Amino acid sequence: MKGRGTTKYSAAGESAGEKLRRKREAEHKRYLAQLKKERDNAEKKYKELQREVTFSEAISSMTLGNLKKVWNAYSSGNSVGRCLSVSIGAGAGGTGQACLVTTQRPDGKMDVGLSAGYGGEAPSVGFSAQYGMYGSNADDFEQLRDDGTGINVSIGAGIAASVGHEKAINRVNGAVTPVLNSRGEPVSSTSLSVGLGAGFEAGVSSSYNNGIWHLFTW
């Protein structure tokens, strides 16, 4: 019934309006719950990236099930490095590496440069000198600077071979944060090398103060 600019609704009308309000409230609550779930998952993944790789994780990742992931990371990256490396260890070891690097940028151009760095491995027993290549999803030279943490396996008895996987990180005042490429992906690299040497390494690898020098762009 209408009167003096006001409207009164029947009980049926009020019931339908209440049902619609409750439906919208329920949909909104489900939407907020989904947003919270997605945020929590994103925070969990980010925290996983904010630390060094542990020895147990390095060993558990060396399974046949991860070979396809390793190969995909090696063969489909924006950056490719051709490297000479040396390593020596007695319990724990040290490594040094120099590379010729090519990186395809988001604008389609290719940067060419030289990189060098040093690192550590544990456990490590023996020595080797190897030539190899790595593939990375880095699409800018700046993403290849600084530090890395990952896993490495190397076996040598005259002829030596190694495979490694490493994620790029920043270490600042004891905190570890991941390096991201232009697509927002955590930057990582996978390497395969062969050469001369004797010994065995299988575990955590770390690299420090990786430097890269731009030569030209084409």
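Excluded from the calculations below are hydrogen atoms, water molecules and symmetry mates; all remaining heavy atoms, backbone and side chain alike, are included. Nothing here was measured: the structure is a model prediction, and the numbers come from that model.
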Legend entry - Donor-acceptor contact present, side-chain Ser207 to main-chain Gly148, <3.5 Å: yes
Inset, instruction - Sort out for me which residue in Ser87, Ser85, Ser162 forms a side-chain hydrogen bond (donor to acceptor under 3.5 Å, both in side chains) with Gln130. - result: Ser162
Inset, instruction - Measure across Ile169 and Thr149 and return the closest heavy-atom pair with its distance rounded to 0.1 Å. - result: CD1-CG2, 3.8 Å
Legend entry - From Gln97 atom CD to Tyr118 atom OH, the distance as rounded to the nearest 0.5 Å: 14.0 Å
Legend entry - Exceeds 12 heavy-atom contacts within 6.0 angstrom, atom CZ of Arg21: yes
Inset, instruction - Please list, chain by chain and in numerical order, all residues satisfying salt bridge (Lys or Arg N to Asp or Glu O under 4.0 Å) with Asp147, sequence neighbours excluded. - result: Arg171
Inset, instruction - Taking Asn210 for its side chain and Leu144 for its backbone only, find out whether a donor-acceptor pair lies under 3.5 Å. - result: no
Inset, instruction - Output yes when a side-chain donor or acceptor of Ser79 lies under 3.5 Å from a complementary backbone atom of Ala138, and no otherwise. - result: yes
Legend entry - Considering all heavy atoms, the nearest Gly164-Asn152 contact: CA-OD1, 3.8 Å
Inset, instruction - Compare every heavy atom of Val187 with every heavy atom of Gln143, then report the nearest pair and how far apart it is. - result: OE1-CG2, 3.9 Å
Inset, instruction - Using a strict cut-off of less than 4.0 Å between a Lys/Arg side-chain nitrogen and an Asp/Glu carboxylate oxygen, indicate whether Arg145 and Glu142 qualify as a salt bridge. - result: yes
Inset, instruction - Specify the closest pair of heavy atoms between Tyr134 and Ser189, including all atoms of both residues, with the distance to one decimal. - result: CD1-CB, 4.1 Å
Using atom types as modelled, flag every donor-acceptor pair under 3.5 Å from a side chain in residues 211-218 to any protein atom, sequence neighbours excluded.
{"from": "His214", "atom 1": "NE2", "to": "Phe216", "atom 2": "O", "distance (Å)": "3.2"}
{"from": "His214", "atom 1": "NE2", "to": "Thr217", "atom 2": "OG1", "distance (Å)": "2.8"}
{"from": "Thr217", "atom 1": "OG1", "to": "Asp111", "atom 2": "OD1", "distance (Å)": "2.6"}

Legend entry - Salt-bridge contact Lys109-Asp107 (side-chain N to carboxylate O under 4.0 Å): no
Legend entry - Main-chain N/O of Asp140 paired with Asn181 side-chain donor or acceptor, under 3.5 Å: no
Inset, instruction - Would you check if the side chain of Ser193 reaches a backbone N or O of Ala161 as a donor-acceptor pair within less than 3.5 Å? - result: no
